[in-house]
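Everything on this sheet refers to the single structure shown next.
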Amino acid sequence: MHVARLSLTDYRNYERAELELGPGATVLVGRNGQGKTNLVESIGYLATLGSHRVSGDQALIRAGADAAIVRALLAHGDRELLVELQLNRQGANRAQLNRSPVKTRELPRYAHSVLFAPEDLAIVRGEPGVRRRMLDELLVQRAPRLGGVMADYERVLKQRNTLLKSARARGLAAEKLTTLDIWDERLIALGSELIDQRLALIAELGDPVAAAYRSIVDADHRPELRAVLSIDGGDADGDVTEFETAPSSPLQPATTAERFAAALGALRGRELERGVTLAGPHRDDVLLLLNGLPAKGYASHGESWSFALALRLASAELLRRDSSTGDPVLVLDDVFAELDRLRRERLAGAIAGFEQVLVTAAVLEDVPAPLVARIVHIESGRIVEATQANDRDVESGDDDETSERESGQADG
Ligand SMILES: Nc1ncnc2c1ncn2[C@@H]1O[C@H](COP(=O)(O)OP(=O)(O)O)[C@@H](O)[C@H]1O
Ligand SMILES: [Mg+2]
């Protein structure tokens, strides 16, 4: 798919903007703070119903305005769809498809995109929450229904934590808490589905991640993804939650729901002490390994970047593979400035076959020449100029200031 036209009203620093886009690569260029990220963020929002920069929607609505509107004409082969999202300062957001109201949650069915951003380094080096979010965003794009399951899980989790806290405050003994059992049932049902979905996704990402990593780096560092589950005693968030895990025989391994129930049983005393739910998908992680060692803590800056890029490329590959809408829109927000020349060129090669690629950069020279086909200039929330790149001098590339802090051996 590709975005053929994007209109923004009162979105971030755009009062009104309209941009025609085509298949192939487009570079949005402008000094820092002009609105490049804001623009591509709006496309990402249609695909994931969230921003990669903030958790709430308030910051997306232009200061002083009551609502922001993101409208995109999407081309799926020779079919065109008009999707529209209104983010309201007060009250629920609204969505339309071809000018008829639809549930907001339906939008990711029609808009698919994969965003690469400087923040992606945190997928490898950051906290487990960053990795959970990466997986969940991909799950929602592949099966929008799961967005509802995630929201329900969050709600049940919150209620359960509230109950644990009030029980703690009132000094209630664990066995007196019959209401907790009801919440446990809901938590286990919703949570087990999310855990199983993540496990399946992690397994499916393995091969595409390895292939993508090889396309970025000229060596086989054996990238691996391994699930860390809190219901099995995994300790992603650094709290000690050791407990006796559910017994399972190799003939009849315990199901996810059985293990989840056993974990909650074993942890109940500690949960009441702490007033928080200690096992479930909200405390899981996925361990990223290179050559058998955790990338977090062991991998160089460059290797970490390669892993992050490989995860995004693999996500794009999965979406392309199983989607009725064709390729996702690839958005590369300011990433080339983060990469050395080799990785820039390799990345440009790896994404060349996607239907639409949107790149943002402060400096055009950071962007590999094959991607500079069409240039859009952005200045303080306005699209000032769109040009074809034929008059641009391709410079010989002065990479000194962006060369990476790592030794060459990392890349073999
Ligand atoms: N809700 C908002 N209302 C008005 N301006 C905003 C809003 N959110 C962000 N901005 C402005 O947008 C600018 C940042 O835009 P951004 O797209 O991040 O820049 P860049 O071109 O560097 O990617 C800042 O000047 C910021 O103040
Ligand atoms: Mg930016």
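When a ligand or atom number is given, it counts from 1 through the structure's own listing order.
- Under the 4.0 Å distance rule, the nearest protein heavy atom to atom 27 (O) of ligand 1 falls outside the cut-off.
- A salt bridge links Arg160 and Asp184; the closest N-O separation between the charged side-chain nitrogens and carboxylate oxygens is under 4.0 Å.
- Within the structure, the closest approach of Arg31 to ligand 1 falls below 4.0 Å when heavy atoms are considered.
- In terms of protein heavy-atom proximity, atom 15 (O) of ligand 1 is nearest to Asn38 ND2, 3.0 Å.
- At a 4.0 Å cut-off, not a single heavy atom of Gly30 sits close enough to ligand 1 to count as contact.
- On a distance-only criterion, Gly35 and ligand 1 share at least one N/O pair closer than 3.5 Å.
- What sits closest to atom 18 (O) of ligand 1 on the protein, heavy atoms only, is Arg53 NH1, 2.9 Å.
- Residue, atom and distance of the protein heavy atom nearest to atom 9 (C) of ligand 1 are Arg12 CD, 3.7 Å.
- A pairwise comparison of heavy atoms in Gln356 and Met1 identifies CB-O, 4.3 Å as the closest pair.
- Checking Asn38 against the Mg ion (ligand 2), every N/O/S atom stays at or beyond the 2.8 Å cut-off.
- In terms of protein heavy atoms, atom 22 (O) of ligand 1 is closest to Gly33 N, 2.6 Å.
- Distances between N or O atoms of Gln34 and those of ligand 1 include at least one value under 3.5 Å.
- The closest approach between Glu41 and ligand 1 stays at or above 4.0 Å for every heavy atom of the residue.
- Checking atom 6 (C) of ligand 1 against the protein gives a heavy-atom contact under 4.0 Å.
- Between Lys36 and ligand 1, at least one N/O pair is under 3.5 Å apart.
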